[in-house]
Each structure stands twice: as C-alpha cells, then as structure tokens.
Amino acid sequence: MNVQETLSVQVKKAVKNLYQVELESVEFQPTRKDFEGDITLVTFPMLRQIKTNPVQLGEAIGQYLVEKNPEIQKYNVVQGFLNIVLADQYFLNFFGRIKDDANFGKASEYAEAIMVEYSSPNTNKPLHLGHIRNNLLGYSVAEILRASGKKVYKTQIINDRGIHICKSMLAWQRFGNGETPETSGLKGDKLVGNFYVKFDKAYKEEISYLLAQGKTEDEAKAEAPIIKDAQEMLRKWEAGDKEVVELWKTMNQWVYNGFEETYQKLGVDFDKNYYESDTYLLGKNVVAEGLEKGVFYRKDDGSVWIDLTDEGLDEKIVLRSDGTAVYMTQDIGTAIQRVQDFHINGMVYTVGNEQDYHFKVLFLILKKLGYEWAENLYHLSYGMVDLPSGKMKSREGTVVDADDLIEEMTATARKISEELGKLDGYSEAEKEELYRIIGLGALKYYILKVDPRKRILFNPEESVDFQGNTGPFIQYTYARIQSILRKADFDYSQPILDYNLNDKEKQLIKQLQLYPETVQLAAENHSPALVANYTYELVKEFNSFYQNVTILGTEDETEKKFRVQLSKSVGEVIKSSFELLGIQVPERM
RNA sequence: GGUCGCGUAGCUCAGUUGGAUAGAGCAUCUGCCUUCUAAGCAGACGGUCAGAGGUUCGAAUCCUCUCGCGAUCACCA
C-alpha cells in the first residue's frame with residue numbers, strides 16, 4: 001500500500017471518529033512547491049458532508065494523523081488544503097527498497113499479449129520524417145506497454161503491391177537503362193523513389209499534351225498512355241505474369257534493403273513483417289460469413305456494404321461489385337490472421353490521424369462480427385509532421401528524407417562535441433558512435449516529447465535544439481552521473497536508514513517515486529510524451545542537486561555514500577526511461 | 001455542409017480523476033568554471049489559457065455556442 005492509500009484509510013477513520021461521518025472519497029494531490037509539505041489533502045469536497053469550515057477541519061484531521069501515524073512528521077493548513085510533511089524515515093525506507101532494484105518501474109511478468117503495428121511503408125519511395133515519427137512513436141509505445149506488463153509483438157505491414165510500385169517499375173523499364181543500386185551507388189529505396197518521380201514527370205507531360213488537345217482534366221488523367229500502361233502492368237502482376245513479377249521482386253528487394261538500413265540507423269525492429277501481397281486477398285471469406293450473419297448486406301449491383309448509420313457513421317463498402325477487395329476487406333482479414341498467428345488479445349495500430357475514420361469503422365466491423373478481442377483494438381492516431389510550407393509531398397520533392405535527417409543530426413552532434421572538446425582518450429570510432437547516440441537522441445526526444453495527437457511543425461531552417469528540454473541535456477546528466485560513479489572508488493552499497501535529508505535530496509526521491517506510475521499512465525494513454533516529460537523533471541531536479549550540493553566532496557561518510565547511491569539510482573532511472581523512448585545514454589560526452 | 005481533432009508567453013511545448021499565485025525550454029537580459037563534465041546552475045523579463053455564455057465552494061481542464069487551423073466523409077490507399 002502506498003502512502004496515499006494508507007492516508008486515505010486513516011483520514012476516513014479520523015473523520016468518522018471526529019464527526020461521525022462516512023466519507024465517500026478522499027482527495028490528495030502533491031504539495032505545491034511554494035508550500036511546506038509532501039502530500040496535500042484537499043478538504044473542500046468533504047464540506048458537503050461535514051458542516052464546519054475548511055481550516056478547522058484541516059486542523060482536526062492533521063492533529064489526528066500526526067498522533068496516529070509515525071511516518072507523518074507535521075502538518076500545516078492553508079485554506080482548504082492540509083499539507084502533510086512526511087518523516088525522512090519514510091523516504092529512506094522507500095529509497096532502500098528501490099536502490100538495488102534493477103527492474104524498478106517495470107513489470108516483470110506478462111499478463112496478456114498484444115501486437116503493435118508501427119510502420120506501413122509503400123515500396124515506391126524512401127522513408128521520410130513522417131515515417132520517422134510513426135516509427136519512433138510505435139517503437140516507444142511498444143516498449144512502454146511491455147514495461148507495463150504486456151507481452152508485445154512488433155510488426156509492420158509493407159505495402160508492396162499496387163499501382164504505386166508499378167509506376168516505379170514502368171519508369172525503370174523506360175528510363176532506367178538497367179540501373180541497379182550497385183551500378184548507381186544509390187540506396188535501393190532512393191533509386192526506386194527516383195523512378196517514381198520520373199514516372200510522375202512523364203505522366204504530367206502527357207496530361208498537359210492531352211489538355212492542349214482539348215481534353216478535360218479528368219479525361220486527360222484517365223487516358224494518358226503511361227498511366228494506362230501502369231494499370232496494364234498491375235493487371236499482369238495480378239495474373240502472375242512472370243516477367244512483371246520478376247521485376248517486382250527485384251525492385252522491392254532493393255527497397256527492403258534500403259528500408260532495413262534506415263530502420264537499423266533509427267534503432268527500431270520488428271518481430272514479424274506482413275506483406276500486402278500476401279494479405280490483400282484476406283478477408284473475402286470473412287465478408288461472406290458476415291453476409292450470412294446479417295452483419296453486411298448486398299446491393300443490387302453485387303457490392304457488399306455495412307450500415308453504420310445507427311452509430312452515427314455512414315454506410316461503408318467492404319467488397320466491390322466485381323467481387324474484389326477494398327482496403328477495409330484486407331484490414332479485416334489481416335487482423336484476424338494476426339490474432340491466429342500470435343495468440344494475441346489486442347492490437348495497437350500506429351497510423352496517422354488522417355485515417356481516424358477508417359479505424360473507427362474497422363474496429364466497429366470486427367466487433368459486429370463478434371470477435372471478443374475487438375474490444376482491445378486501439379488506433380494510436382498521431383498528428384502529421386508538416387513543414388512551414390505545408391504538407392510533405394514525395395512527388396513534389398518537399399520531403400525531409402529520413403536518412404538525410406539522421407545524418408544532419410549526427411553532424412550537428414559532432415560539431416558541438418568538437419567545439420566542447422571533452423572527449424580526450426576516445427578513439428575516432430568511439431567518437432563517431434557517441435555523435436550518433438547524441439544526434440539521434442536529440443531527434444528522438446524532439447519528436448517523442450510532444451503529445452502524439454498534436455501535429456508537429458518541423459522547420460528545417462531551425463536546427464533541433466541540443467540545450468534545455470532536449471535529449472542531449474538528459475544524456476549529459478547521465479554522463480555526469482557516470483563520471484561521479486567512476487570516481488567513487490569506495491564501497492557505498494550498504495543501505496542508509498538514519499539520515500537527515502536536505503531539500504534537494506528529498507525532491508529527488510519524490511521524483512523517483514513517481515516513475516512506476518508514470519510508466520503505467522504512459523501505457524494507458526499510449527503516450528511516450530509522459531515518459532519524456534517525467535525524465536526531464538527528474539533530470540532538472542538532479543542538475544539542481546548536483547550544482548548546489550557537493551557529492552564526493554563532503555567529509556561526512558554517510559552523507560557521501562547516500563548521495564552517491566542517490567545519483568546512481570537517478571542514473572538508472574534515466575537509462576530505464578530512455579530505453580522506453582528508444583534513446584541510448586552515453587558514459588561520457 | 002456533416003463528423004473528428006487542435007487553439008496556453010514572441011517561438012516550441014507541459015499542465016490526465018476540476019483545486020492554492022497557469023509551468024518549462026528557446027529567444028532577450030543579469031550573475032556563476034581556482035570544487036564532482038558550464039550540452040550546466042541561480043535569477044529577471046514575458047499570459048485576455050482563441051472568444052462568449054453556463055455548471056460549482058473552485059474551470060486552461062466539464063457543457064453549449066461562435067471564430068480560426070487541420071483532417072475526414074470515394075466501388076482510393
């Protein structure tokens with residue numbers, strides 16, 4: 001039982017004794033910094049049941065608690081707030097329990113299994129900043145869910161088929177001259193992306209030609225020879241045409257190799273890849289079953305629909321009149337497939353908020369089909385990453401390329417580190433690894449610290465900060481702590497039970513105490529931002545402690561040991577929470 | 001037009017069961033390296049919480065309306 005629960009019971013008892021009233025609920029909050037105290041009882045809500053004034057009530061309860069609970073040192077009352085000061089012993093006991101707990105804050109057992117999908121790239125172009133946000137968010141949420149006590153499988157769905165890849169393939173055939181990643185020296189995804197752009201250019205030329213011939217825009221777009229050729233190529237692919245399938249495999253493989261390189265640099269990974277070419281036919285039989293159950297209905301033209309007007313939504317098509325699948329069909333089938341493959345009891349889809357409606361409908365359909373795990377589906381809907389000029393568009397070249405961005409961040413980290421020149425004794429390889437950790441830390445923290453739902457405005461002209469509320473600031477604090485631990489060449493392992501805490505030390509312990517509930521809250525809300533902000537608060541407290549209190553310089557042995565222990569624990573929690581964000585921490589910087 | 005989301009300091013963001021005088025970082029300004037790493041610390045400046053009503057002891061937070069921004073509403077993905 002934590003303090004709040006214990007106090008809650010005691011407050012109820014106090015009120016019963018003093019006023020003969022059974023309280024419905026007891027409300028606590030952390031004491032604000034400007035007042036003395038560690039936890040505060042809000043007495044306003046009690047006034048509904050107890051006829052007295054808030055100050056008298058606070059005094060009465062305060063007195064009762066001090067007498068009955070040895071962990072309470074004293075109290076003060078301000079208006080309807082009873083500020084309670086807990087004894088040092090209480091904090092020392094808590095710290096003693098966690099100081100050697102390597103798993104502090106994280107669950108050690110798995111209650112249930114779920115899957116997190118956090119990437120769904122098209123194989124016709126390289127990854128950009130939008131994908132980075134998607135990847136980082138999903139990876140982090142997967143880690144947070146695992147820490148909160150779930151078995152987690154990470155997956156991506158690769159959109160490897162469709163008209164988009166055919167466009168790249170066609171352009172490669174026409175303009176490629178047999179170019180490969182090897183001959184061109186280009187990363188495979190970049191090479192294929194270039195041909196996508198070339199296709200678009202040729203397509204646009206044909207459209208303007210047709211417009212000049214007097215066609216309408218719609219006609220021109222539909223009749224341009226190159227788009228018809230691409231559609232023909234898609235038909236051939238679906239028919240299993242050998243030559244087309246061969247080219248498709250080759251170019252997709254180039255892209256996969258390129259993606260893998262980017263994922264590795266980003267530090268994200270997957271337990272299982274699903275490919276759309278394998279899943280795009282799934283779901284049709286489920287639609288048939290749903291028809292029989294009456295969940296869906298067939299229109300005269302043969303198309304199949306679901307009526308969601310009762311839920312305030314529209315009618316939605318689930319099968320075309322020619323019997324082919326739409327995206328929804330596929331997603332229904334894939335979801336069922338995944339549950340079978342992994343025996344999971346739920347899924348998190350990390351997909352941009354432009355698809356809010358799609359997932360609302362998907363989840364509803366799966367519920368109506370009677371899958372009990374449909375209750376545990378969650379769309380982790382994140383805001384778009386926009387540029388000052390507006391939306392990123394691959395075809396118009398207004399994208400922030402993922403690889404380029406990672407490289408720029410690393411370069412900035414290199415520049416700053418070299419200016420500061422604190423890395424004597426590091427080899428070139430060690431330095432490069434460090435620049436990568438810092439650069440990536442800055443990028444990841446920058447993206448993860450904001451609420452997933454909010455859109456991010458990324459200005460390429462203004463570089464990402466390395467000072468203040470940033471990844472490097474937190475990494476720097478970790479490195480400082482490690483420096484202290486390297487210098488603490490004495491045994492500081494024994495628990496310290498009798499000690500007078502100063503204000504900074506107490507603040508730090510209180511912040512450490514919040515870690516487990518922060519992890520749980522972040523899991524419930526699918527929000528790495530909560531972990532990021534928690535860590536920032538912890539680090540700010542530590543830096544204040546570090547700068548205002550001497551750690552190794554003190555004469556008092558107990559004090560010295562305790563401060564080293566405290567520093568070590570703070571370092572461990574920084575490392576632990578940054579692992580949840582997918583950010584590494586350095587020994588020096 | 002319907003639906004959903006967002007609107008907090010010049011800029012980027014916290015503020016999650018409704019609680020005390022709305023908090024950080026960046027930018028600007030002032031101090032602090034002869035002590036454990038100054039990517040730091042201590043401080044100053046900066047607010048009509050988009051606006052108007054309502055709910056109540058109390059609202060940035062809950063409800064209604066208005067304004068602004070974005071997304072979505074296809075036999076597209």
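All values derive from a computational prediction rather than experimental measurement. These values consider heavy atoms only, across backbone and side chains, with no hydrogens, waters or symmetry-generated copies. Throughout, protein chains are lettered first and strands after them, A, B, ... in sequence-line order, and every chain is numbered starting at 1.
- Taking the P atom of each, B/rC45 and B/rA50 are spaced 24 Å apart, rounded to whole Å.
- Across all strands, A/Pro54 comes closer than 4.0 Å to no nucleic acid atom at all (heavy-atom distances).
- Nucleic acid contact for A/Phe28: base, since at least one base atom lies under 4.0 Å from a heavy atom of the residue.
- Inspection of the A/Asp331 and A/His358 side chains reveals an N or O donor paired with an N or O acceptor under 3.5 Å.
- Nucleotides B/rU28 and B/rG10 place their C1' atoms 10 Å apart, quoted to the nearest Å.
- The residue A/Ser417 sits close to a base: some heavy atom pair falls under 4.0 Å.
- A donor-acceptor contact closer than 3.5 angstrom links the side chains of A/Glu59 and A/Tyr75.
- For residues 544-564 of chain A, the pairs satisfying ring pair (Phe, Tyr, Trp, His ring centres under 6.0 Å) are A/Phe95-A/Phe562, A/Tyr499-A/Phe562, A/Phe542-A/Phe545, with sequence neighbours left out.
- A/Glu27 comes within 4.0 angstrom of a nucleotide base, judged by non-hydrogen atoms across all strands.
- A gap of 15 Å separates the P atoms of B/rG7 and B/rA60, to the nearest Å.
- Across all strands shown, A/Phe44 has heavy atoms under 4.0 Å from base atoms, whether or not it also approaches the sugar-phosphate.
- In this structure B/rU37 sits in no base pair that meets the Watson-Crick or G-U test at under 3.5 Å.
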side-chain hydrogen bond (donor to acceptor under 3.5 Å, both in side chains) evaluation trace for A/Thr329 with A/Lys284: CA-CA 6 Å; A/Thr329 328; A/Lys284 284 195 193 183; over 6 Å; no

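- For the residue pair A/Thr123 / A/Asn252, a side-chain donor-acceptor distance below 3.5 Å is found, with atom types taken as modelled.
- Mapping A/Pro30 and A/Ser303 onto RNA chain B by nearest heavy atom places A/Pro30 at the nucleotide closer to the 5' end.
- When the P atom is compared between B/rU12 and B/rU72, the two are found 23 Å apart, to the nearest whole Å.
- Looking at heavy-atom distances under 4.0 Å, A/Asn83 makes contact with a base.
- Using the Watson-Crick or G-U wobble rule with both distances under 3.5 Å, B/rG47 pairs with nothing in any strand shown.
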Where do N or O atoms of nucleotides 33-37 of chain B meet protein N or O atoms at under 3.5 Å, pair by pair?
{"from": "B/rC36", "atom 1": "O3'", "to": "A/Lys487", "atom 2": "NZ", "distance (Å)": "2.9"}
{"from": "B/rC36", "atom 1": "O2", "to": "A/Leu552", "atom 2": "N", "distance (Å)": "3.0"}
{"from": "B/rC36", "atom 1": "N3", "to": "A/Ile551", "atom 2": "N", "distance (Å)": "3.1"}
{"from": "B/rC36", "atom 1": "N4", "to": "A/Tyr546", "atom 2": "O", "distance (Å)": "2.4"}
{"from": "B/rC36", "atom 1": "N4", "to": "A/Val549", "atom 2": "O", "distance (Å)": "2.7"}
{"from": "B/rU37", "atom 1": "OP1", "to": "A/Ser483", "atom 2": "OG", "distance (Å)": "2.7"}
{"from": "B/rU37", "atom 1": "OP2", "to": "A/Ser483", "atom 2": "OG", "distance (Å)": "3.3"}
{"from": "B/rU37", "atom 1": "OP2", "to": "A/Lys487", "atom 2": "NZ", "distance (Å)": "2.9"}
{"from": "B/rU37", "atom 1": "O2'", "to": "A/Tyr476", "atom 2": "OH", "distance (Å)": "2.2"}
{"from": "B/rU37", "atom 1": "O2'", "to": "A/Arg480", "atom 2": "NE", "distance (Å)": "3.0"}
{"from": "B/rU37", "atom 1": "O2", "to": "A/Lys422", "atom 2": "NZ", "distance (Å)": "2.8"}
{"from": "B/rU37", "atom 1": "O2", "to": "A/Met589", "atom 2": "O", "distance (Å)": "3.3"}
{"from": "B/rU37", "atom 1": "N3", "to": "A/Met589", "atom 2": "O", "distance (Å)": "2.8"}
{"from": "B/rU37", "atom 1": "O4", "to": "A/Met589", "atom 2": "N", "distance (Å)": "3.1"}

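- Classified by its glycosidic torsion, B/rC33 falls in the syn category, the angle being within 90° of 0.
- Pairing for B/rU30 is with B/rA42, a Watson-Crick or G-U wobble pair whose two hydrogen-bonding atom distances lie under 3.5 Å.
- Within 4.0 Å of A/Asp451, counting heavy atoms only, lie sugar-phosphate atoms of the nucleic acid but no base atom.
- One cannot find a donor-acceptor pair under 3.5 Å joining the base of B/rA42 and the side-chain atoms of A/Ser544.
- Nucleotides B/rG31 and B/rG15 are separated by 30 Å at their C1' atoms, to the nearest Å.
- A side chain to side chain contact (heavy atoms under 4.5 Å, CB included) with A/Ile474 is found for exactly one of A/Val539, A/Ile583, A/Val585, A/Asn543, namely A/Val539.
- Side-chain contact between A/Pro30 and A/Ile39 is absent, with no heavy-atom pair separated by less than 4.5 Å.
- Across all strands shown, A/Phe473 has heavy atoms under 4.0 Å from sugar-phosphate atoms exclusively, and none from any base.
- Considering only side-chain atoms of A/Asn525, the nucleotide from B/rU21, B/rU16, B/rG19 that sits closest is B/rU16.
- The distance between atom NE2 of A/His131 and atom C1' of B/rA77, rounded to the nearest whole Å, is 13 Å.
- Across all strands shown, A/Ile438 has heavy atoms under 4.0 Å from base atoms, whether or not it also approaches the sugar-phosphate.
- Pairing of B/rA24, defined by two Watson-Crick or G-U wobble distances under 3.5 Å, is identified with B/rU12.
- Looking at the side chain of A/Gln355, the nearest of the listed nucleotides B/rC73, B/rU16, B/rA77 is B/rA77.
- Comparing the same atom, P, in B/rU8 and in B/rC13 gives a spacing of 9 Å after rounding to whole Å.
- Comparing A/Asp314 and A/Tyr327 against RNA chain B, the residue whose closest nucleotide sits nearer the 5' end is A/Asp314.
- With P as the reference atom, B/rC33 and B/rG19 are 42 Å apart, rounded to whole Å.
- Across residues 117-130 of chain A, not one residue has a non-hydrogen atom less than 4.0 Å from an atom of RNA chain B.
- Here A/Gln467 lies in heavy-atom contact (under 4.0 Å) with sugar-phosphate atoms only.
- The 12-atom threshold is not exceeded at CD of A/Glu555, counting heavy atoms of other residues, nucleotides or ligands nearer than 6.0 Å.
- Under the Watson-Crick and G-U wobble criteria, each requiring two contacts below 3.5 Å, nucleotide B/rC6 is paired to B/rG68.
- Side-chain atoms of A/Lys422 and A/Ser417 include no donor-acceptor pair closer than 3.5 Å.
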Just by protein heavy atoms under 4.0 Å, how would nucleotides 3-12 of chain B read 5' to 3' in B, S and -? ---SS-----

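- Here the side chains of A/Asp491 and A/Lys561 are not in contact, with every heavy-atom distance at 4.5 Å or above.
- The distance between atom CE of A/Met46 and atom P of B/rG19, rounded to the nearest whole Å, is 16 Å.
- Within the structure, salt bridge (Lys or Arg N to Asp or Glu O under 4.0 Å) pairs that include any residue of residues 439-449 of chain A do not occur (at least two apart or interchain).
- Under the 4.5 Å side-chain criterion, counting only non-hydrogen atoms from C-beta, A/Gln467 is not in contact with A/Thr470.
- A donor-acceptor contact under 3.5 Å links the side chain of A/Thr40 to the base of B/rA20.
- Surrounding NZ of A/Lys221 are at most 12 heavy atoms belonging to other residues, nucleotides or ligands under 6.0 Å away.
- Within the shown strands, nothing qualifies as a pairing partner of B/rA60 under the Watson-Crick or G-U definition with both distances less than 3.5 Å.
- Taking the C1' atom of each, B/rG58 and B/rU21 are spaced 15 Å apart, rounded to whole Å.
- Residue A/Lys391 places its side chain closer to B/rA71 than to any other of B/rA71, B/rA39, B/rC41.
- Taking A/Glu238 as the reference, A/Arg161 meet the side chain to side chain donor-acceptor pair (under 3.5 Å) condition, with sequence neighbours excluded.
- For the OP1/OP2 pair of B/rA77 and a distance below 4.0 Å, the side-chain nitrogens and oxygens of A/Arg161 include no atom meeting the criterion.
- The listed nucleotides are B/rA77, B/rA14, B/rA42; the one nearest the side chain of A/Asn533 is B/rA14.
- Geometric assessment of A/Arg133 against the ring of A/Tyr382 yields a negative cation-pi assignment under the 6.0 Å and 45° thresholds.
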